Amino acid sequence: MRRGVFKLGMLCGLACCAGCAGARNWGLSSRSASSDRLDPATRPAVAQVLASEAEAPVLARESQHLEVPECSSSARPPSPRRAGDQNTVKASTAGVLVIAPGDSRRRPEEMQRPGQSVPIPNESTESRQFAGPTASPSSIQPVSHEPQKSITSARQTAGTLVVEGRTYRLELIDAAEQASSGTIETAAGTELPTLVPVPEEGALQQSASDILPLNLPTALSMVGGQHPAVGLARWRVQEAYARLDQAEVLWLPSLQAGFSFHRHDGNYQASNGDIVDVNRNSFQYGLGAGAVGAGTTPRPGLVAQFHLADAIFQPEIAEKTAWARGHAANGVINEQLLTAARAYLQLLRAEQDQRVLAESYQRTADLAKLTSDFAATGQGLYADADRLQTELILVESRQSESREQLEIASARLSQALGMNASRRIVPLDPTVVPIYLVSTGMDRVSLIQTGLANRPELKEAQALVAAACEQHARQKYAPFVPSILLGASTGEFGGGLGSSLGNVDGRYDLDALVTWEIRNLGFGEQAARRTAEAQFQQARFDSVRVMDQVARDVAEAHAQVTHRAERVDITRRAIESAQNSYDRNLSRIRDGQGLPLEVLQSVQALEAARRAYLNAVIEHNEAQFQLQWALGWPVALPGTEAK
């Protein structure tokens with residue numbers, strides 16, 4: 001057998017093989033009379049079989065040494081297979097690679113480890129086979145990754161490939177010849193379709209309809225009633241004011257118009273106590289219904305029924321509750337403004353981080369090329385070139401992570417703005433600069449006072465305290481005010497004995513009831529007052545808690561703004577020193593005074609400094625918006641009001 005190993009791979013029906021020296025590739029020609037192209041239905045099966053070097057025992061990785069001992073008829077272990085493969089590749093003593101159906105169930109002892117010696121089993125070829133050059137078993141020699149001399153001619157026939165009954169002749173061609181042609185020719189003279197290369201990362205560009213350019217003011221202006229959280233809060237306000245309108249008209253009467261019919265057959269007790277047998281019927285229509293005999297109309301046409309305590313106190317309770325819902329809606333809007341600002345800043349951070357890493361990648365690539373040139377000329381070490389190549393790969397990894405963060409930040413901003421996340425948001429800001437909404441020199445005490453005066457959360461808590469106070473007053477005075485029932489009815493009423501209906505004429509009823517109620521012999525009243533007092537105390541203490549929270553939010557945000565502004569200045573100086581270090585080291589290397597590897601630390605320091613400055617500016621801007629939110633988004637800050 002020839003010395004060397006065949007490195008076999010398949011892309012859409014193409015079988016490639018290279019010798020140990022890597023100077024030959026497999027060409028493909030067809031002997032099929034029916035078709036000169038691979039059947040598309042067969043390409044996936046072949047690609048699955050030949051997709052990985054590790055799936056066949058005769059394939060050797062370039063980075064390891066694989067020894068192939070002489071074949072023996074007594075040693076025939078199963079060929080290594082991997083779970084999920086549809087086909088496996090086997091080999092015979094004649095050098096024939098056989099594509100055979102695989103088994104999805106694998107045993108651990110059947111798995112082949114890299115570097116393990118693999119005896120080639122002697123099996124007959126099956127329906128799909130790859131026939132290579134034959135050799136005697138004694139000619140098999142150990143194969144290593146070291147370059148060896150080419151033993152094949154430029155156009156030598158090396159074997160055949162049978163796929164679905166069609167035979168293809170494999171020929172060795174030069175790599176340069178294959179690269180220059182760009183197509184695959186068959187024996188019939190026709191060309192197979194040119195393989196489409198996989199696009200490089202970032203080559204695919206999104207259409208303009210999938211990209212939404214946006215800046216920070218526009219993003220903040222988009223926070224409105226269409227956002228789910230804001231819309232929900234605003235409709236709660238509408239509900240609260242509707243309940244207020246209902247409470248304010250509680251004392252007004254209601255109208256009831258209708259028709260009623262009554263019939264009685266049998267005994268009946270008269271007003272004097274006598275039992276009489278009478279058959280009668282009656283009917284009524286107009287304002288009110290249900291009148292029978294001499295009784296009043298049970299359902300008056302004009303009726304007002306309410307507890308006087310509710311008519312007095314319920315409008316006050318509903319009004320304070322509506323105030324609380326209004327302040328809560330303002331709090332939701334402020335919260336969404338803060339969320340949108342943070343989401344936009346995170347998107348801007350990811351966008352700028354990509355630019356920083358792109359520049360760092362370019363510097364590292366230039367440095368890696370310079371180090372490789374030094375090593376090629378003998379002025380440096382190949383170990384240094386490998387070290388630079390490793391750093392270049394690590395920068396690529398950081399770029400991939402940055403792209404991930406960019407996509408995530410765009411989706412989160414879309415959610416914060418209540419938009420469709422299918423469109424990627426692109427920030428319009430060309431760079432990142434510190435934002436100053438609140439001066440760092442402002443007094444903390446005055447800022448806390450501004451927050452206590454403007455925060456809608458505190459106003460909501462205070463309105464709920466007022467509502468609980470009115471509820472307590474209602475329960476306190478309920479036993480001393482009456483319940484009122486006023487009714488008036490008018491319409492036509494008539495009837496008669498048996499089935500006759502007659503004597504229909506007008507009827508008028510007027511009813512007025514005033515009652516005082518002491519629930520459960522007074523125990524119920526006491527329990528109701530205690531419940532209302534407990535609710536009032538809860539609301540009062542919750543208001544104090546919110547007051548402390550507002551003070552803490554202002555103080556914490558003020559501290560963040562102050563110290564993060566200092567960090568912005570510190571990291572800016574770090575960029576200057578790192579840039580100077582990089583320029584000086586690079587100039588020294590170009591003058592031949594050192595090795596390129598010495599510049600790597602300066603490149604890393606410059607990247608770290610620029611990313612630190614970016615994080616410092618973004619965090620400073622977030623702190624500014626956090627302080628603005630803690631102050632209740634005031635229109636004018638202390639000391640800036642018009643006098």
Side-chain angles (χ1 to χ4, degrees), residues 223-256 300 302-337 452-487 513-517 519 524-525 527-547 550 632-633 635:
V223 177
Q226 297 302 320
H227 192 278
V230 178
L232 176 62
R234 288 183 173 178
W235 279 107
R236 284 180 176 175
V237 175
Q238 296 297 324
E239 179 187 2
Y241 276 98
R243 293 184 182 277
L244 173 60
D245 295 339
Q246 184 179 11
E248 289 178 343
V249 298
L250 189 62
W251 57 275
L252 294 178
S254 301
L255 296 176
Q256 297 184 118
L302 191 65
V303 59
Q305 184 177 6
F306 56 90
H307 198 289
L308 189 58
D310 291 335
I312 296 174
F313 293 102
Q314 280 299 330
E316 297 295 330
I317 297 174
E319 183 181 32
K320 305 305 186 296
T321 304
W323 291 353
R325 293 292 179 265
H327 294 308
N330 293 335
V332 171
I333 294 176
N334 290 352
E335 187 71 28
Q336 286 304 127
L337 287 173
L452 295 176
N454 294 326
R455 280 289 289 273
E457 293 85 355
L458 183 56
K459 294 180 179 180
E460 177 190 4
Q462 293 170 349
L464 291 177
V465 171
C469 183
E470 296 293 341
Q471 181 67 26
H472 179 264
R474 189 264 179 213
Q475 298 297 339
K476 180 179 180 181
Y477 295 106
F480 306 103
V481 292
S483 295
I484 298 175
L485 173 61
L486 299 175
L513 287 81
V514 179
T515 60
W516 281 261
E517 179 186 13
R519 290 168 288 183
E525 297 295 338
R529 286 195 297 270
R530 289 177 57 192
T531 300
E533 182 180 3
Q535 293 175 349
F536 167 72
Q537 294 296 337
Q538 292 176 38
R540 189 170 68 88
F541 280 102
D542 187 67
S543 176
V544 175
R545 180 192 62 81
V546 174
M547 186 181 300
V550 169
W633 293 88
V635 178

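Residue numbers count from 1 along this sequence. Note that the structure is a prediction, hence the values are computed from the model and not measured.
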Can you list every salt bridge (Lys or Arg N to Asp or Glu O under 4.0 Å) pair that touches residues 459-470, not counting sequence neighbours? none

Within this structure, what is the [atom1]-[atom2] distance for the pair [X] and [Y], rounded to the nearest 0.5 Å?
{"X": "Leu464", "Y": "Arg540", "atom1": "CG", "atom2": "CZ", "answer": "15.0 Å"}
{"X": "Asp310", "Y": "Ile484", "atom1": "CG", "atom2": "CD1", "answer": "11.0 Å"}
{"X": "Arg325", "Y": "Thr321", "atom1": "CZ", "atom2": "OG1", "answer": "6.5 Å"}
{"X": "His307", "Y": "Ile312", "atom1": "NE2", "atom2": "CD1", "answer": "9.5 Å"}
{"X": "Leu302", "Y": "Leu252", "atom1": "CG", "atom2": "CG", "answer": "10.0 Å"}
{"X": "Cys469", "Y": "Gln535", "atom1": "SG", "atom2": "CD", "answer": "12.5 Å"}

Under 4.5 Å between any side-chain heavy atoms of Leu458 and Ser543, yes or no? yes

State, to 0.1 Å, how close [X] and [Y] come at their nearest heavy-atom pair, and which atoms those are.
{"X": "Val332", "Y": "Ala229", "value": "CG1-O, 3.7 Å"}
{"X": "Pro456", "Y": "Gly632", "value": "CD-CA, 4.5 Å"}
{"X": "Ala478", "Y": "Ala309", "value": "CA-CB, 4.1 Å"}
{"X": "Leu244", "Y": "Pro315", "value": "CD1-O, 3.3 Å"}
{"X": "Phe480", "Y": "Trp516", "value": "O-NE1, 3.3 Å"}
{"X": "Leu250", "Y": "Phe306", "value": "O-CD2, 3.9 Å"}

Using a cut-off of 6.0 Å, state whether more than 12 heavy atoms not belonging to [X] lie near its atom [atom1].
{"X": "Arg529", "atom1": "CZ", "result": "yes"}
{"X": "Gln226", "atom1": "CD", "result": "no"}
{"X": "Gln246", "atom1": "CD", "result": "no"}

In chain order, what residues pass the side chain to side chain contact (heavy atoms under 4.5 Å, CB included) check against Gln256, with sequence neighbours excluded? Arg299, Pro300, Val303

Does the pair Ile333 and Arg234 meet the rule for a side-chain contact (heavy atoms from CB on, under 4.5 Å), with working shown? CA-CA 10 Å; Ile333 294 176; Arg234 288 183 173 178; 3.5 Å; yes

Under 3.5 Å donor-acceptor, Thr531 side chain and Ala527 backbone: yes

Just to verify, which of Gln475, Arg519, Arg530, Lys476 counts as forming a side chain to side chain donor-acceptor pair (under 3.5 Å) with Glu525? Arg519

Fit a plane to each ring of Phe536 and His472, take the angle between them on a 0 to 90° scale, and name the class: parallel (under 30°), tilted (30 to 60°) or perpendicular (over 60°). tilted

Give a yes-or-no answer on whether the side chains of Gln471 and Arg474 include a donor-acceptor pair shorter than 3.5 Å. no

